[in-house]
Amino acid sequence: MAIYSMLFSLYGPQGWWPLIEYSGDNPTKTGSIRGYHKENYDLPETDNQRFEIMIGAILTQNTAWTSAEKALMNLHDMGALNVLKILEMDEEILKEAIRCAGFLNQKSIYIREIARFFMDLNGRIPTRKQILSVKGVGEETADSILLYAYKQPEFVIDAYTRRLLFHWGLIEEKTKYKDVKVLFESNLPQDVPLFQEYHALIVEHAKRYYQKKPYGLNDPLKVMMDK
DNA sequence: AACCAGGACGTGA
DNA sequence: TCACGTCATGGT
């Protein structure tokens, strides 16, 4: 919680998960198109917004969000950012729409897989095990979907989280996903907005100080970790 | 010109 | 289980 407080005082609310199909007039985050919704923890409100988060979670795998966002905008402009259109869309057209996000051959398959999964859900909240059974959905993507689309208290661990904690001396370099996750979840109140902000804040901080080597240079928090 | 992006999967030790 | 190669495009 101490680390969270410092990150929050540095950067404030992050407004995750960004939603293209959200017509709020909140100020956009610098350098991005739109979709952030600071201090609004009611989103997503519709089934279609939940679906958009799923697709975005696939598209951003090992890919910059700016690229994933362009792919989402392509689909949006085609009126195809919904389950039915995704499922009936020609595969080659889908690939072209998401080409800018990379891994188009895999992601086009994954997107159709999760679209089918989402439709079969019929509005129900999926369990973690169910989401993990979808091809193309690993632990991080599953937790992202549960936390941001379904508001379940699942902490998201990504490469940035690992890198931060490693350089702060809090974990070994290849601590298992589950162990890093437990480290957070066992030390925090099971609060969804807290989990949502915390992960987003980690990404924001890591982008600033842990993107290029040497990692952690001038990290204002690193100094405090040594004590 | 390498290296990194809000990873996951398939393969063979 | 675990290490390693593969997947694709875009930005720095």
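Just so it is clear: chains get the letters A, B, ... in the order the sequence lines come, proteins before strands, and each one is counted from 1.
Partners of A:Lys176 according to the salt bridge (charged side-chain N to carboxylate O under 4.0 Å, His left out) rule, which considers only residues two or more places apart in sequence or in another chain, do not exist here. With sequence neighbours left out, A:Glu88 forms a salt bridge (charged side-chain N to carboxylate O under 4.0 Å, His left out) with no residue at all. Looking at residues two or more places apart in sequence or on another chain, you find no salt bridge (charged side-chain N to carboxylate O under 4.0 Å, His left out) involving A:Arg163. Looking at residues two or more places apart in sequence or on another chain, you find a salt bridge (charged side-chain N to carboxylate O under 4.0 Å, His left out) between A:Glu96 and A:Arg99.
Between A:Val83 and A:Asn48, the shortest heavy-atom distance links the atoms N-OD1, 4.4 Å.
By the 5.5 Å and 30° criteria, A:Trp16 is stacked with the base of B:dG6. Ring-base stacking between A:Tyr160 and B:dG6 is not satisfied when judged by a centre separation under 5.5 Å and a plane angle under 30°.
For the pair A:Arg208 CZ and B:dG6 P, the interatomic distance rounds to 14 Å; values are reported in whole Å. A:Asp143 has its CG atom 14 Å from the C1' atom of B:dA8, to the nearest Å. For the pair A:Lys107 NZ and B:dA5 P, the computed distance is 14 Å after rounding to whole Å. The interatomic distance linking A:Gln61 (CD) with B:dG7 (P) rounds to 8 Å, in whole Å. Rounded to whole Å, the distance from CD on A:Glu113 to C1' on B:dC9 is 13 Å.
Distances shown here put a side-chain N or O of A:Thr141 below 4.0 Å from the OP1 or OP2 atom of B:dA8. The phosphate of B:dG7 (OP1 or OP2) has no side-chain N or O of A:Gln106 nearer than 4.0 angstrom. For the OP1/OP2 pair of B:dC4 and a distance below 4.0 Å, the side-chain nitrogens and oxygens of A:Lys213 include at least one atom meeting the criterion.
Across the P atoms, B:dC4 and C:dG5 are found 16 Å apart, a figure rounded to whole Å. The gap from the C1' atom of B:dA8 to that of C:dG11 amounts to 23 Å, rounded to the nearest Å. Look at the C1' atom in both B:dG10 and C:dT9: the space between them is 22 Å, to the nearest Å. Taking atom P in both B:dG6 and C:dT12, one finds a spacing of 12 Å when rounded to whole Å. Rounded to the nearest Å, the gap between the C1' atom of B:dC9 and that of C:dG10 is 23 Å.
Checked by atom type and distance alone, the side chain of A:Glu204 never pairs as donor or acceptor with a backbone atom of A:Tyr11 at under 3.5 Å. A:Thr63 places a side-chain N or O within donor-acceptor distance of the main-chain N or O of A:Gln61, the cut-off being under 3.5 Å. Side-chain atoms of A:Thr175 never come within 3.5 Å of backbone atoms of A:Ile171 as a donor-acceptor pair (strictly under, hydrogens ignored).
Residues of residues 131-138 of chain A that place a heavy atom closer than 4.0 Å to DNA chain B, in numerical order, are A:Val134, A:Lys135, A:Gly136, A:Val137, A:Gly138. Contacts between residues 168-177 of chain A and DNA chain B, defined by a heavy-atom separation under 4.0 Å, are absent.
Interface limits on DNA chain C: the 5'-most and 3'-most nucleotides within less than 4.0 Å of chain A heavy atoms are C:dC2 to C:dG11.
Map A:Lys212 and A:Phe103 each onto its nearest nucleotide of DNA chain C; the residue landing nearer the 5' end is A:Phe103.
Residues A:His205 and A:Asp219 bring a donor and an acceptor atom of their side chains to less than 3.5 Å of each other. When only modelled atom types and interatomic distance are considered, A:Tyr4 and A:Glu197 share no side-chain donor-acceptor pair under 3.5 Å. A donor atom on one side chain and an acceptor atom on the other are found under 3.5 Å apart for A:Tyr160 and A:Gln211.
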For nucleotides 11-13 of chain B, which of its nitrogen or oxygen atoms have a protein nitrogen or oxygen under 3.5 Å away, and what is each distance?
none

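Evaluation of the salt bridge (charged side-chain N to carboxylate O under 4.0 Å, His left out) test over residues 137-147 of chain A, restricted to residues two or more places apart or in two chains, returns A:Arg128-A:Glu139, A:Arg128-A:Asp143, A:Asp143-A:Lys181. Residue pairs satisfying the salt bridge (charged side-chain N to carboxylate O under 4.0 Å, His left out) criterion with at least one member in residues 45-65 of chain A, sequence neighbours excluded, are listed as follows: A:Asp47-A:Arg50. Within the structure, ring pair (Phe, Tyr, Trp, His ring centres under 6.0 Å) contacts touching residues 132-156 of chain A (residues at least two apart or in different chains) are A:Trp16-A:Tyr148, A:Trp17-A:Tyr148, A:Phe155-A:Phe184, A:Phe155-A:Phe195, A:Phe155-A:Tyr198.
Listed candidates were B:dC4, B:dG7, B:dG6. Nearest to the side chain of A:Arg163 is B:dC4.
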Please output the side-chain donor-acceptor pairs of residues 116-125 of chain A that fall under 3.5 Å, not counting sequence neighbours, one pair per line with the distance.
residue, atom, partner, partner atom, Å
A:Arg124, NH2, A:Asp120, O, 3.4

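Within 4.0 Å (heavy atoms only), A:Ala159 reaches sugar-phosphate atoms of the nucleic acid but no base atom.
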